[in-house]
Amino acid sequence: MQGFWEQVWNVRIPIAAVLLFAVGFVTLLLHRNLLKKIIGLNIMDTAAYLMLTSFGYIEGRLSPIIQNGNTDPALYGNPLPAGLVLTGIVVSVSVTAVLLALTVRLYARYHSLNLDEIYAMAQKEHGLG
Amino acid sequence: MEYFELLLLGLLVACGAATCLTKNLLSAVVIFMAYSLVMSILWAILRAPDLAVTEAAVGAGISSLLLFLTLKKLRDLRRKAQEDGTEKES
Amino acid sequence: MIAFFVNFPLFSIVLCLLCAVLCALLKGKAARIVSLSLCGVVAVLAFCVLVYGLQTGAATEYPMGHYPHPWGNELRFGIAEPLVALVFAVVMLLCLIGGKQQLDVDLEPGKRNLYYVMCDLVLVSLLALAYTNDVFTGYVFIEICTIASCGLLMIRQIGRTTLAATRYMIFSLIGSGLFLLGVILLYGVTGQLLMPSLKAAIAALWEGGQYRTALLSAMTLMTVGLAIKSGLFPFHLWMPDTYAYSTPASAGILSGLVSKGYSFLLIKLVFGVFGTDVFYGSGVSNVLYVFGALGIIVGSISAAREKDVFRMIAFSSAAQIGYLYFGIGLTPALGMLAAIFHLLTHAVTKPLLFLAAGQLGEAAGGRLRHTWRGAAHRNRTAGLMFSLGAFSMIGIPLTMGFVSKYRFALAAFERPTLLVVTLIVLAVSTVLNAMYFMRVIIGIYTPVPERRTRMTLREQRPFAVSSLLLALLNLSAGVAAQPLVLLLERGLSLL
Amino acid sequence: MERKRSLKERLRDWDADAFDLTNEIAGPMHPAPAALPERPKDAEPEDALAAEDFRVLRRAYPILAALLGLMTVVFLLVAVFDLPPFGAAGTPTDNEVALRYVRDGMTETGAVNLVAGVILDYRAFDTLGESHVLFTALVAVLILLLKAEDPAIDDEGTLTLRQDRIVTTAASILVPIIVLFGLYVILNGHLGPGGGFSGGAIIGAGLILYAVAFGFSRLETKLNLGSFRIICLAALWFYSLSKCYSFFCGANGLHTVFSPGTPGRILSAGLILPLNAAVGIVVACTMYGLFSLFQRGKI
């Protein structure tokens, strides 16, 4: 059993990231309220980026900014994951903005946030429109 | 240092779960803002200061702001619909 | 001179980005002219790159910036990528021309140029997905494609399209979330992001037996992510709403091109990243085979049950996507060749169907099948084009659909254990296709006594021109399929 | 014998119904079917079909979704246990790719902040796509929330904050500091943490605070839809063209004009400073534009 806990300790941040990913994924699927789905989506994306950042972290090394000209590679962590996650955060914001705009338009028309009610109303109203 | 990290991870998962389980939308957005700030601190610990600044400014700042704005807009729309509704009935 | 063609993929991508930003500034009509000419220029550039690929006969890796292989981004183009880019650009051009009549009605006057901004951004993401040699760049341009195709969808401001756009966006984001997690797991295990070095690292790990579960899960996540986005069987529920209620031009672009962009990226991943022996050895391809077969059957059945013609065509599109993954999951050689040929067939046929259906719907004044009785007499060209598209979907000889079904049958013999299942699935789906398409064709050609105004050729000139060209593309590839098949074969060998 | 009609005429006749084959077919053989009885309400049967589908889906959905969620969790946890240990030095990600970024990053790109060097010079194509994702989001929200230009609609959405003293005084102190800090983060993108995206978001937040405190009227003269489009055009065109130039030179082995300069100085790192500025402007405009669109439907 000792090996198991030691192994869990070795990959603790990816485990937390997977748990958060699952929370976000299930929220996105289960909740019928649109705003909850959007928040679940954000949680899912940040969890994936948390796992990516954890791959760039190396114990006892500084952040990838050169200190007074000393470019010894053993001093600094890996800059690549930080660059990728920077791109990812902006993607999440723009996707959230578009989904929120869609929610406002849907609410203005159907006065409901519950996706099933909206689907039923659209079904009745348009039928075959 | 690791225990602080564990505390933050636990807080993150708790915030994530709490956001999804609360009924009230406003509290869900507030908890989501807290979730983003904790994530920003965690990235500062993971030696990625760029991400901490960006997550705080863009994730906690703008995303939560847009969520609050949508909630306010929905309330205005609901109130306007009720006013139109009452006009139609009266 | 030919050597300079190597820069053309970079020029076409940057040109699209410049035109997209420019169109936001211009008025509706000017933005349309810029977008149409952009599609034309991109088609010419893609053709030049194809000529360059044929001349050199090898895939060139074009470093984006001063840094070679594992450090900087790269574009990679042999023969298959420019060919697919050429077909995408041409079909988008014809869709925008053909759907002009409905576009003028559906688009709000103030927001007409924003529609063309979204078209340019879809085109740039399709080009980037075809040419990219880097997995994370693929993810970024998948996101651009998701938001832009959602923009194409919601431009028609009726309540139903906003709802369809929301559901489409949510399904797509689940797909890209899983794809992102797959990319991250791959990076965590191999430390590489560029496709060639990823392939070498994965092959080494697969032999060494190290990190095998992480590799397997990353491969499954990426495949499932891309399958969700292009609408494979269990995730095709967003398709009928998305394609049925948008303007025919958008429906043509979305169903014909966007889902094909994702599938082509998956084909590139299978050859360029996982490697055929890893992908087919690990059983992920069998999952695709099963879901493809189910997708064909369920798609065809639900299309047959549908009364609204537009939703019927949308479900038939789900069945055709099932064909694509059915081919990918069958065998790496002939099965993949049949799949990529079918990719081009569907990219050409489906927009023709949607444009013709749009015109017939206006001529008949309704969406339901029984209101379309005698519609072909009111709009002759639309009736003719619709039936030609339907024949290609069914697989009548001389059309491109027949050749792709023939290629599938050939591929079936390559895998004798699944021979019977494959042939049964092909036969059942062809019968179902024939049933629900012929029902519509017979309906639109039954003579209806009362006289309605007739839509002549002059009134619908843009539609006539574009559908004629699409039909010619279809028939020419159907009749003279051999050169195209050889071209694709060489392309696949270079992927 | 009437002259042979040219193909063009025959096509026009075929199309314009000079002769209608269906009359011959329909006529003699059997009387044309009586007009179909128009179904009383054609929406009803199709509606039942969809509603019935929908009800089945509605009941099965939560169980299916929970099952799918559980499956992915177990699947991912199994995969994660196989991952390299967190924080160790010899992991696969700590390979020659990262080594070159750290060892030669400063000399090749001139950026002290290696992350800025990676996203704006080594892997610049991602960030080129990135700034256009934001532009796509702004255009998509424009399509959805932009109201037609009619003066009848007053600023019905403006905050009915009674412009109370607390907010205005706080804003008058805070806004200059926020914008100054945002400028610092942008301009020092290649020296310290930060860069175009975070600096732009900070300036965007500053503009939003100003609009909340002092209302939109003051900002509207300078920051309206027309000026937005020009700003986006200028910044994104500069970004795309300069990057196209550096990609073209890199691919063909030419030497670009921009030199990395002496690291540590503000005007060093070649193209990274202007690119950060361009991205910062685009992000600031987008954030403010999104706020204004959500708030009152026009920028």
Side-chain angles (χ1 to χ4, degrees), chain A residues 9 12-13 15-17 19-24 26-28 30-31 33-36 38-40 42-47 49-50 53-54 56-65 76-79 81-83 85-86 88-90 92-93 96-97 99-101 103-104 107-109 111 113, chain B residues 1-2 5-6 8-23 25-26 28-29 31-33 35-36 38-40 42-59 61-64 66-71 73-78 80-82 85:
Chain A
W9 176 258
R12 56 189 184 281
I13 290 204
I15 287 181
L19 287 180
L20 280 175
F21 187 90
V23 165
V26 167
T27 320
L28 194 58
L30 271 186
H31 274 276
N33 186 322
L34 268 172
L35 283 183
K36 286 283 180 64
I38 295 170
I39 290 178
N42 266 327
I43 290 177
M44 202 167 93
D45 277 344
T46 38
Y49 296 135
L50 175 64
T53 324
S54 76
Y57 173 76
I58 296 167
E59 203 70 39
R61 291 196 184 182
L62 301 172
S63 62
I65 296 168
Y76 307 104
N78 184 355
V85 174
L86 204 65
I89 293 175
V90 179
S92 305
V93 172
T96 314
L99 275 174
L100 287 174
T103 322
V104 168
Y107 193 87
R109 179 158 183 72
H111 294 300
L113 280 179
Chain B
M1 193 52 182
E2 283 79 11
E5 220 171 81
L6 270 187
L8 283 181
L9 285 181
L11 201 59
L12 265 185
V13 177
C15 281
T19 321
C20 311
L21 300 180
T22 51
K23 283 282 169 288
L25 282 183
L26 193 60
V29 171
I31 296 173
F32 174 67
M33 197 180 217
Y35 170 88
S36 288
V38 171
M39 183 66 91
S40 164
L42 193 58
W43 275 337
I45 287 177
L46 285 177
R47 296 286 188 281
D50 279 80
L51 301 185
V53 173
T54 313
E55 171 68 20
V58 170
I62 305 292
S63 292
S64 311
L66 289 180
L67 280 164
F68 280 123
L69 254 170
T70 318
L71 282 179
K73 192 79 177 174
L74 299 187
R75 207 183 63 251
D76 293 349
L77 288 171
R78 189 187 314 125
K80 198 143 63 76
Q82 270 146 13

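Here is the naming used below: chain letters follow the sequence lines, and residue numbers restart at 1 for every chain. Worth knowing before you read on, the calculation uses all heavy atoms, side chains too, and leaves out hydrogens, waters and symmetry mates.
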Taking the side chain as every heavy atom from C-beta outward, state whether [X] and [Y] have any atom pair closer than 4.5 Å.
{"X": "A:Leu100", "Y": "B:Leu69", "result": "no"}
{"X": "A:Ile13", "Y": "B:Glu5", "result": "yes"}
{"X": "A:Leu50", "Y": "B:Leu12", "result": "yes"}

If you take all heavy atoms of [X] and [Y], which pair is closest and at what distance?
{"X": "A:Ile89", "Y": "B:Leu51", "result": "CD1-O, 4.3 Å"}
{"X": "B:Leu6", "Y": "A:Trp9", "result": "CD1-CZ3, 3.5 Å"}
{"X": "A:His111", "Y": "B:Ala81", "result": "CE1-CB, 3.5 Å"}
{"X": "A:Arg61", "Y": "B:Arg47", "result": "O-NE, 3.0 Å"}
{"X": "B:Thr22", "Y": "A:Lys36", "result": "O-NZ, 2.6 Å"}
{"X": "A:Val104", "Y": "B:Leu77", "result": "O-CD1, 4.1 Å"}

Chain B contact via A:Tyr76 - which portion, at a heavy-atom distance below 4.5 Å
neither
Side chain, backbone, both or neither: which part of A:Ile65 has a heavy atom under 4.5 Å from chain B?
side chain
Atom group of B:Leu46 that falls short of 4.5 Å from chain A, counting heavy atoms
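Both parts, heavy atoms under 4.5 Å.
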Contact class of B:Leu8 relative to chain A, heavy atoms under 4.5 angstrom:
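Contact with chain A: none, neither part.
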Between chain B and each of [options], count heavy-atom pairs under 4.5 Å; write down the option with the most.
{"options": "A:Val23, A:Ile43, A:Val93, A:Thr27", "answer": "A:Ile43"}
{"options": "A:Leu62, A:Thr96, A:Ile15, A:Leu35", "answer": "A:Leu35"}
{"options": "A:Leu19, A:Leu113, A:Val85", "answer": "A:Val85"}

Kindly compute the distance separating [atom1] ([X]) from [atom2] ([Y]), expressed to the nearest 0.5 Å.
{"X": "B:Ile45", "Y": "A:Tyr57", "atom1": "CD1", "atom2": "OH", "value": "9.0 Å"}
{"X": "B:Leu67", "Y": "A:Ile39", "atom1": "CG", "atom2": "CD1", "value": "5.5 Å"}
{"X": "B:Ile62", "Y": "A:Ser92", "atom1": "CD1", "atom2": "OG", "value": "14.0 Å"}

side-chain hydrogen bond (donor to acceptor under 3.5 Å, both in side chains) with A:Thr46: which residues, sequence neighbours excluded?
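Result, side-chain hydrogen bond (donor to acceptor under 3.5 Å, both in side chains) vs A:Thr46: B:Tyr35.
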Among residues at least two apart in sequence or on other chains, which ones pass ring pair (Phe, Tyr, Trp, His ring centres under 6.0 Å) with B:Phe32?
none
If you count heavy-atom pairs under 4.5 Å between each of B:Ala17, B:Ser36, B:Gly16, B:Ala48 and chain A, which one has the most?
B:Gly16
Under a 4.5 Å cutoff for heavy-atom pairs, which residue among B:Asp50, B:Val58, B:Val29 has the most contacts with chain A?
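Maximum pair count with chain A is reached by B:Val58.
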